[in-house]
Protein chains: 2
Amino acid sequence: MARPRSFDPDDVLEIARQVFWQKGFQATSLDEITAASGIAKPSLYAAFGDKHALFLRVLDRYHDGILGWAERVLAQPGPAREAIRQWLTGFIPYCSGEKGQRGCLSINSATDGSLDQAALRKSIERYNRRLEELLRTRLRADREQFKKGFDPDITAHTVMVVHAGLMALAHQTPDSKQVKAVIEQVMGLLA
Amino acid sequence: MARPRSFDPDDVLEIARQVFWQKGFQATSLDEITAASGIAKPSLYAAFGDKHALFLRVLDRYHDGILGWAERVLAQPGPAREAIRQWLTGFIPYCSGEKGQRGCLSINSATDGSLDQAALRKSIERYNRRLEELLRTRLRADREQFKKGFDPDITAHTVMVVHAGLMALAHQTPDSKQVKAVIEQVMGLLA
DNA sequence: GTTATTATGTACTTATAAGTACAGAATAAG
DNA sequence: CTTATTCTGTACTTATAAGTACATAATAAC
């Protein structure tokens with residue numbers, strides 16, 4: 001028995017993600033988000049809390065999206081090697097060329113010194129832990145396909161490092177061929 | 001025939017670097033730099049220009065420091081493999097444990113969406129190009145030490161990606177043993 | 001010592017952006 | 001239709017931080 005909300009919170013989170021992703025947390029003003037979304041500040045504050053809380057919601061959403069996708073790709077039948085190759089390859093559009101310029105929202109946030117609040121660190125940490133767990137689990141399961149002495153745990157972490165590196169260097173708009181070549185070379189470690 | 005400057009600009013750049021590195025460009029106010037350095041704002045403006053110009057000076061200095069060190073390490077006699085292992089290993093204190101938390105000033109800046117001014121992008125691009133060139137040159141020179149089909153150019157870039165990844169993940173304070181293990185595994189690509 | 005010149009420190013202006021007060025609009029229940 | 005309740009938009013307050021005006025201090029040349 002009250003006036004209903006005039007917008008879908010998910011739509012606003014989607015728009016906020018675009019703005020935050022483009023300019024970063026600090027440099028994004030709420031006025032820009034109200035301009036992009038058409039939602040006035042009091043409504044944003046009522047729905048999401050302050051700027052940090054809004055950003056946390058956006059980041060969690062971003063994490064969930066990537067984790068869901070990773071789960072699907074890494075659960076594929078066939079050799080672990082191919083699943084992981086496909087996982088890495090899937091990032092190419094996001095870490096090369098024009099679209100890749102903004103890099104990864106999570107890594108951009110992790111490297112932003114002004115964002116070391118506990119909640120954000122926790123969200124990022126959890127995301128990385130889960131991603132690495134997916135890789136590790138898959139590599140462990142297919143252990144016999146690899147050479148003797150193959151260490152799935154270290155390899156999972158190495159793949160995380162490569163992924164982070166590709167996303168960090170994405171801001172220089174590298175060529176997609178170059179990214180592909182690096183992935184192919186790294187696949188040499190999965191043997 | 002005038003009043004001499006009461007401070008060494010290099011000292012101020014050193015202090016500014018610490019503050020910028022800890023908190024990031026946006027979150028660092030000039031008041032914090034005046035507090036840390038004891039130099040009042042008008043003197044900073046007279047000596048360095050505005051905040052962006054000061055940061056650019058700091059970043060260039062940072063780049064020069066790492067490039068100088070890389071040049072020394074990579075010019076070492078002995079196998080290229082060992083030189084590069086030593087180069088990567090040298091970053092361990094800066095990408096693990098408490099001290100590693102702040103990561104790499106250059107990568108932190110590259111991933112900061114609010115910093116996409118031309119001058120900064122150029123400085124970072126040049127830095128990365130030079131580093132990769134040092135690696136590539138060294139790998140090319142020792143080409144015969146590697147297996148047939150070894151590609152020094154791609155490998156140089158892969159090492160850059162790993163380096164960037166380690167620095168990006170540094171903010172989670174990983175264990176130095178884990179970093180070491182990743183480096184050792186990646187060294188498997190230099191064969 | 002005087003003077004021209006450049007640095008320093010205080011205190012200011014100005015702009016921007018986070019967060020909110022409040023009046024009015026929209027709905028569901030009765 | 002009335003009313004309680006919650007949302008919306010305008011306009012505000014407040015804080016912070018970039019950049020500067022101006023008076024003063026310190027030096028080198030003469």
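Numbers restart at 1 for each chain; the letters A, B, ... are given by sequence-line order, proteins then strands. As the structure is a computational prediction, the values presented were derived from the model and not from experiment.
- Atom-to-atom, CD of A/Gln26 to C1' of C/dT16 comes out at 13 Å; the value is rounded to the nearest Å.
- Applying the 3.5 Å distance criterion, the base of C/dA25 shares a donor-acceptor pair with the side chain of A/Arg3.
- Aromatic ring orientation, B/Phe146 versus B/Phe150: parallel (interplanar angle below 30°, classes split at 30° and 60°).
- For B/Pro42, whose side chain is taken as the heavy atoms from C-beta onward, the closest listed nucleotide among D/dA18, D/dA21, C/dA18 is D/dA21.
- The side chain of A/Ser6 contributes no N or O atom lying less than 4.0 Å from OP1 or OP2 of D/dC7.
- Following rounding to the nearest Å, B/Ile33 (CD1) and D/dA18 (C1') show an atom-to-atom distance of 12 Å.
- Ring pair A/Trp69/A/Phe91 is perpendicular by interplanar angle, where above 60° counts as perpendicular and below 30° as parallel.
- The CG-P distance, from B/Leu44 to D/dT20, rounds to 13 Å in whole Å.
- Across the protein-nucleic acid pair, B/Phe7 atom CZ and C/dT6 atom C1' stand 12 Å apart, rounded to whole Å.
- Residue contacts shown for B/Pro4 are limited to sugar-phosphate atoms, with no base heavy atom under 4.0 Å away.
- In this structure, B/Leu30 places its CG atom 20 Å from P of C/dC12, rounding to the nearest Å.
- For A/Ala40, taking side-chain heavy atoms from C-beta onward, the closest of the listed nucleotides D/dT10, C/dA18, C/dG19 is D/dT10.
- Annotation: A/Arg81, atom CZ; neighbour count of heavy atoms from other residues, nucleotides and ligands within 6.0 Å is above 12.
- The aromatic rings of A/Tyr127 and A/His63 lie parallel to each other, with less than 30° between the two planes, well short of the 60° mark.
- Taking side-chain N and O atoms only, A/Ser43 has no distance below 4.0 Å to OP1 or OP2 of D/dC7.
- One can place NE2 of A/His52 at 10 Å from P of C/dA18, the figure rounded to the nearest angstrom.
- By the 30° and 60° cut-offs, the orientation of the rings of B/Tyr94 relative to B/Trp21 is parallel.
- For D/dG19, neither phosphate oxygen OP1 nor OP2 lies less than 4.0 angstrom from any side-chain nitrogen or oxygen of B/Lys41.
- Residue A/Thr28 is classed as a sugar-phosphate contact, given heavy-atom separations below 4.0 Å to backbone atoms only.
- Annotation: of the two residues near DNA chain D, B/Ala2 and B/Asp31, the 5′-most nearest-nucleotide partner is B/Asp31.
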